[in-house]
There are 2 protein chains.
Amino acid sequence: MVQAWLNSPPRRIDHRAAEAARLRQAQLTKPPGALGELERIAIRLAGLQGRERPQAGNAWISVFAGDHGVAAEGVSAFPQAVTAEMIKNFARGGAAISVLARHLAASMEIIDLGTAGGLDGVPGVRHAALGRGTANLAREPAMSDEQLAGALLEGRAAALRALGRGAEVFIGGEMGIGNTTAAAALACALLNDTPANLAGPGTGLDAEGVAHKRAVVERALSLHADHLREPREALRRLGGFEIAALAGAYVACAQEGLPVLVDGFIATAAALAAERLCPGAAEYFFLAHASAEPGHARLVQAFKMRPLLALELRLGEGSGAAVALPLLRLACALHGGMATFAEAAVSARL
Amino acid sequence: MVQAWLNSPPRRIDHRAAEAARLRQAQLTKPPGALGELERIAIRLAGLQGRERPQAGNAWISVFAGDHGVAAEGVSAFPQAVTAEMIKNFARGGAAISVLARHLAASMEIIDLGTAGGLDGVPGVRHAALGRGTANLAREPAMSDEQLAGALLEGRAAALRALGRGAEVFIGGEMGIGNTTAAAALACALLNDTPANLAGPGTGLDAEGVAHKRAVVERALSLHADHLREPREALRRLGGFEIAALAGAYVACAQEGLPVLVDGFIATAAALAAERLCPGAAEYFFLAHASAEPGHARLVQAFKMRPLLALELRLGEGSGAAVALPLLRLACALHGGMATFAEAAVSARL
């Protein structure tokens, strides 16, 4: 299925705005460079948003959920029913990402892309129903072409809703029992790496469970080996609804010029898929945190960026990205709100 | 000068509240441990605040400023007049810490402990006037006994004001041209380490400047060598008004049970002095960030803690501690606001 929108390039960076921001930073009442990463964040955001004084107050969180056929292989520490149960928990406000969204005054929506049991009419949830979870990627492609196209489009639609509401930062979250297995398989394909480096404990497997999970990923990579060179096909065969939706959202954000805070292991795998689908998209990404999931470090290496936080988080849902949001906000507040040496009549360097 | 208050021990940790918080964490709808450092923050804060569900909404920032006689040795990239100029910048809201306090809705006060030129009646500033800056620590003790006692008491008074306003977290900031030299000298004394490991570029010295600064610290350590075993005397001879005030504030916070977010190089040197003056005080400290000032890592090693952030900040003023404040707030929000597995009817692990 041809999806013309995927072929649009990322919006061009506004290097003039970034340069204006850099000049402003040099005039603020502090030793040059003393705000470290916060200065770089402000300057990058200026280029992405096309204004000397960027903003990150209006933040949007889309949480994508879906089930995974590969759960049948016994790759998770939690039963598959948890995906649907957590969708309801998101909607009722009891999940980590719900609490964070509330505390951060960020808009949040939940998109159910298809659970094993089927869900309908959960208040506060958008039901997209691409299928009763994906197929088992260890035995067949996870998605049909139509399902992949649908998931990518659901992601794009979320990014467009965020833009429509004036969002200045986009956060994508995910939930789906079994999705670290799918993300590990996809990452192996995109990085040409091995399950030993990318499949880890996820929600809490023991050593035996991790070994089994790696064997399942190994099997999947063998099965699909002849079809993994093309990123879209790798995503279709090894990904999942929510992983594809995240990739679609990230591509659309880059095309529309909306900066993205990328969460942990699964989100970073999706971000890498987005960069492969739409080269240059990663210019719009900030890696929010270094996940405790061991394979995350390999994914991070594929980007020329250092994650902003390292708090040993491994929850997903977009929670690590939400926790990093205050850094972007404070970087913007400092950049826009500090006095210059001239304004404050403070002496510059000797 | 005897200061009886310094001899009171830190308030006892409420291990029951910490244990209740630990049990609560295990029931929240997430894989055990998935919120990493944020879980540990909430559990620690519970023990320090004596309640199962701690809070960090009400935050207090005291910025202590003072001049340093050692500036006469040419150890800073900025002229000494900047201390007084920045005090005015703090008060007018143009400095980094002013912007951060505003954005974070934290209470902030500025305490002028004595500048070289003398300041009086700056609106929004408390003037303590312990002297026109300290004496040159490379030639004589930086402070008289009375000045040290006064600075420690000013710090304690700030902590008590914070408590009086219901603060749940205390942040101390500092400003003083030359104070990385004083902090490095003090750190050398407290850690029995060398200037090569603790004196660095500060606000931006070049290699030659750093070498000169190290020689100045070396000279000071030789001069005072016979009087550095006792921490109070080391602080008097090598510290500064704002460093001593921070130490006094930190001790009082620990005695009164108020958790502290410790900023970067200078604040951590003061925190180490506080721990030496009042053993156990460090139980109340969170190290906010790993500073870009190279010597900070040595100071951090003296505490059994990992800094929460690593953003290459090196501004001081309490700015790094303020940037870390949202982590404490989000940790508390998650801890108090997430649903338990039972409340959300979510299945636990297989």
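So that the names make sense, note that chain A is the first sequence line, chain B the second, and so on, each numbered from 1. All values derive from a computational prediction rather than experimental measurement.
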Review point. Contact part of L28(A) toward chain B, heavy-atom cut-off under 4.5 Å: side chain, backbone, both or neither?
Key: neither
Exercise for review: Please look at P326(A) and chain B and tell me whether the side chain, the backbone, both or neither of the residue comes under 4.5 angstrom of a heavy atom of that chain.
Suggested key: side chain
Review point. What residue, out of A348(B), S319(B), A292(B), has the most heavy-atom pairs lying under 4.5 Å from chain A?
Key: A348(B)
Practice item. Name the region of R349(A), side chain, backbone, both or neither, that has any atom closer than 4.5 Å to a heavy atom of chain B. Key: both
Review point. What distance separates T340(B) OG1 from Q27(B) CD, expressed to the nearest 0.5 Å?
Key: 6.0 Å
**Study point:** Region of L313(A) in contact with chain B, defined by heavy-atom distances below 4.5 Å
**Key:** both
Point to revise | Residue F90(A) versus chain B: region with a heavy atom under 4.5 Å | key: neither
Point to revise | Residue pair D67(B) / T115(B), side-chain donor-acceptor N/O under 3.5 Å | key: no
Practice item. Can you measure from CD1 (I110(A)) to CE (M86(A)) and round to the nearest 0.5 angstrom? Key: 10.0 Å
Check your understanding: Side chain, backbone, both or neither: which part of R329(A) has a heavy atom under 4.5 Å from chain B?
Key -> both
**Study point:** Part of A96(A) within contact of chain B (heavy atom distance under 4.5 Å)
**Key:** both
Review point. Is there a donor-acceptor pair under 3.5 Å between the side chain of N179(A) and the backbone N or O of A182(A)?
Key: no
Review point. With respect to E39(A), which candidate in R44(A), H335(A), K30(A) satisfies the side chain to side chain donor-acceptor pair (under 3.5 Å) definition?
Key: K30(A)
Review point. Can a donor-acceptor pair be found between the side chains of E242(B) and H68(B) at a distance below 3.5 Å?
Key: yes
**Study point:** Donor-acceptor pair between H296(B) and T268(B) side chains, under 3.5 angstrom
**Key:** yes
Practice item. Could you tell me which of L309(B), L100(B), V346(B) has the largest number of non-hydrogen atom pairs under 4.5 Å with chain A? Key: V346(B)
Point to revise | Spacing of CZ belonging to R314(A) relative to CG belonging to L35(B), to within rounding of 0.5 Å | key: 9.0 Å
Practice item. Considering only NZ, NE, NH1 and NH2 on the basic side and carboxylate oxygens on the acidic side, decide whether E37(B) and R40(B) come within less than 4.0 Å. Key: yes
Check your understanding: With only heavy atoms counted, which part of S76(A) is less than 4.5 Å from chain B, the side chain, the backbone, both or neither?
Key -> backbone
Practice item. Please determine, among K88(A), R306(A), E317(A), the option with the most heavy-atom pairs under 4.5 Å with chain B. Key: R306(A)
Practice item. Answer with yes or no whether the side chains of E85(B) and S347(A) bring together a donor and an acceptor at under 3.5 Å. Key: yes
Revision key, fill the gap. Among L325(A), L334(A), I41(A), the residue with the most heavy-atom pairs under 4.5 Å to chain B is L334(A)
Point to revise | Part of A324(A) lying under 4.5 Å from any heavy atom of chain B | key: neither
**Study point:** Residue among G337(B), P31(B), S291(B), G316(B) with most heavy-atom pairs under 4.5 Å to chain A
**Key:** P31(B)
Point to revise | Greatest number of heavy atom pairs closer than 4.5 Å to chain A - which of G33(B), A331(B), A77(B), G202(B) | key: A77(B)
